[in-house]
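One structure is given below, encoded as structure tokens.
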There are 2 protein chains.
Amino acid sequence: MPRKPEQKRKQATLADVAQMAGVSIATASKALNGRSQVKAETRARVFEAAEKLKFSPNAMAQNLLTGRSGTIGLVTHDLDGRFSIPTLMGAEDAAGHGRTSVLLCDARGDALRERYHLQALLGRRVDGLIVVGARPDPRSSLGTLPVPVVYAYAPSTDPRDTSIVTDNVAGGRLVAEHMLACGRRRIALVTGDPEYGAAHDRVAGAREVLDRDGAEVVPSEPLYGTWSEEWGRTAAGLVINQHPDVDGIICGSDQIARGVLDTLRESGRKVPDDVAVTGHDNWEILAVNARPQLTSVDMRLEELGRQAAELLFAAIDGRTTKGGHVVTPRLVPRASTGPRVSG
Amino acid sequence: MPRKPEQKRKQATLADVAQMAGVSIATASKALNGRSQVKAETRARVFEAAEKLKFSPNAMAQNLLTGRSGTIGLVTHDLDGRFSIPTLMGAEDAAGHGRTSVLLCDARGDALRERYHLQALLGRRVDGLIVVGARPDPRSSLGTLPVPVVYAYAPSTDPRDTSIVTDNVAGGRLVAEHMLACGRRRIALVTGDPEYGAAHDRVAGAREVLDRDGAEVVPSEPLYGTWSEEWGRTAAGLVINQHPDVDGIICGSDQIARGVLDTLRESGRKVPDDVAVTGHDNWEILAVNARPQLTSVDMRLEELGRQAAELLFAAIDGRTTKGGHVVTPRLVPRASTGPRVSG
DNA sequence: CTGAAAGCGCTTACAG
DNA sequence: CTGAAAGCGCTTACAG
């Protein structure tokens, strides 16, 4: 049987502070906010009272005046996924520095749920919105909203929106350049689900570099499959079977690379001596525990999240940020590609 | 050079709606809120105006009246960790059903940062707080706050606080019972960092069951190490070296179990025929990609988060929830323990 | 059924 | 240097 609501431990109000300090509400406000026109002694009395009452100004009341809520909405589409979290962390971090709080919603890839959360957030008068996609492919625009929106990780299809994404083509290039620097010349490309733009982009970046340098891609067409260890094991089997002289395998993800490493080891190939292997995503738990540790590409998602927040703050301040922005990934070399061999 | 702030696309206000509908603000409010004392035709006019102006009531103004913000604060300590995320998802989900929004902060295990975020959240007049720890060991209490607090995953050391945790002893029991049901009699316990209470709790649960049943624990003392694949590989080597007749290995985490599986496979043991292996945490990406797929224990963290939110709502409504609450984990059997063998 | 008034907790011109 | 008053956008008794 529910009891009647617990005695509300009413928070002290500015009026309480003013009364205790023996001044008007207006003066208490000015004292607390460091306005210059207050006698030092009065200010001290007000602070003392505020302290004693554990006064904490009601942000809702303050914001009603300013017209800004000091909050941003973060709508994510795969809270359980490993890609949105670092992005979210970066945004939260950037927001915290600007004394902005983050309202988090998980829309789970569902457009209806997204609309619902959007309404709730707009009702709370968020100053802006960051929408984090589940995968890097473009998504439909939310259209014109009363506050600025930044699309992070998954860009909006509408170029008039502000989007920020990871540069997967550059990621592919990085890894290919590294393979060449390690002296590899017969390189296989094993990647994931061809439905993902990221799979194609990473392959495109790698091919561009390999072709330009005249390195051989074996087999000549990249192998698409799924983003799994299982596929990595299978694909590696195919590659070494058809092209026993392969000396490098560029994988579209760390999971795939883990599978590739397993098959190579079990077939007696030495990594990196016989075959160098690279992953993608720099998922530490997979990359660092691999045997040998896995060279990978880090998308710098936390940086992406941070920049998304910066773009949003800029837009909130009226500075224009329209269009696509890009975060360049970085290579994280580890033992699976061995020490660099010049030339 | 920053331009002057973008022309504020001022949101429509209730006054705007009232004016357009040709009624007073009070009547507009009543119409929109479904109060009975409004003529149907008037109500229609008001709704029409609201629609046309895309009116969305300012929650800050509404909340100022009610004294409730309709938000809860979620303070997490390892946003990048895999444990807080499901908890957070469950809480967000439960909150959403109650039309409550979630303010997210990441304190990163830092008490100072936690204090800072706490102040910000209290300033925003959150109706309550959920504090999610980074690991299951007890943490210090935040003391008396003006709103209810629920400690999730990591309990408060103060029994007067409300805490909800996963039952690691039960998890250990589950897995041991399963081993016995699979006909295993000489079982090794390989777990992680002894600094973690969870390591001991899981071992204690398993031992309790194994001892009761008279199964042999080999070696007689559990092997503590780190929560890594590397340690799993090493530990498995020790175990099969000293106890070649081992027929089951209970691991303290899925990572450890992955390492154990690797060593077993490479030493020629068949899993589960020769040795059954279990993990813990049911980290799908590891468990499902293992060879064979890994039997594990799911802590039901999403459920934990959901219950944390329910406890918080109860406390906000004045129903008492003090003390420790527990979520019972569940076994997820997969191929690494093989089909059940009765007896 | 409708509206004028008070008030939620604050800040900010504007007078003294 | 201090305070009375207006107002942010809403809701809710209270009169008409």
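Each chain gets a letter, A, B and so on, in the order the sequences are listed, and its residues count up from 1.
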N/O donor-acceptor pair under 3.5 Å between B:N63 side chain and B:A59 backbone:
yes
Run the numbers on A:R306 and A:E303 for salt bridge (Lys or Arg N to Asp or Glu O under 4.0 Å), then give the verdict.
CA-CA 5 Å; A:R306 221 182 314 271; A:E303 178 61 22; 3.6 Å; yes
Ignoring backbone atoms, establish whether B:T42 has a side-chain N or O less than 4.0 Å from OP1 or OP2 of C:dT2.
yes
Is the shortest side-chain N to carboxylate O distance from A:D127 to A:R99 below 4.0 Å?
no
Produce a footprint string for nucleotides 8-16 of chain D: one letter per nucleotide, 5' end first; B if the base is under 4.0 Å from any protein heavy atom, S if only the sugar-phosphate is, - if neither.
BBBBBB---
Answer yes when B:R108 and B:D110 have at least one side-chain N-carboxylate O distance shorter than 4.0 Å, and no when they do not.
no
Check the pair B:D158, B:R139 against salt bridge (Lys or Arg N to Asp or Glu O under 4.0 Å), reporting the backbone distance first and the verdict last.
CA-CA 9 Å; B:D158 189 335; B:R139 50 149 293 154; over 6 Å; no
Sort out the partner of D:dG16 for me: Watson-Crick or G-U wobble, both distances under 3.5 Å, none otherwise.
C:dC1
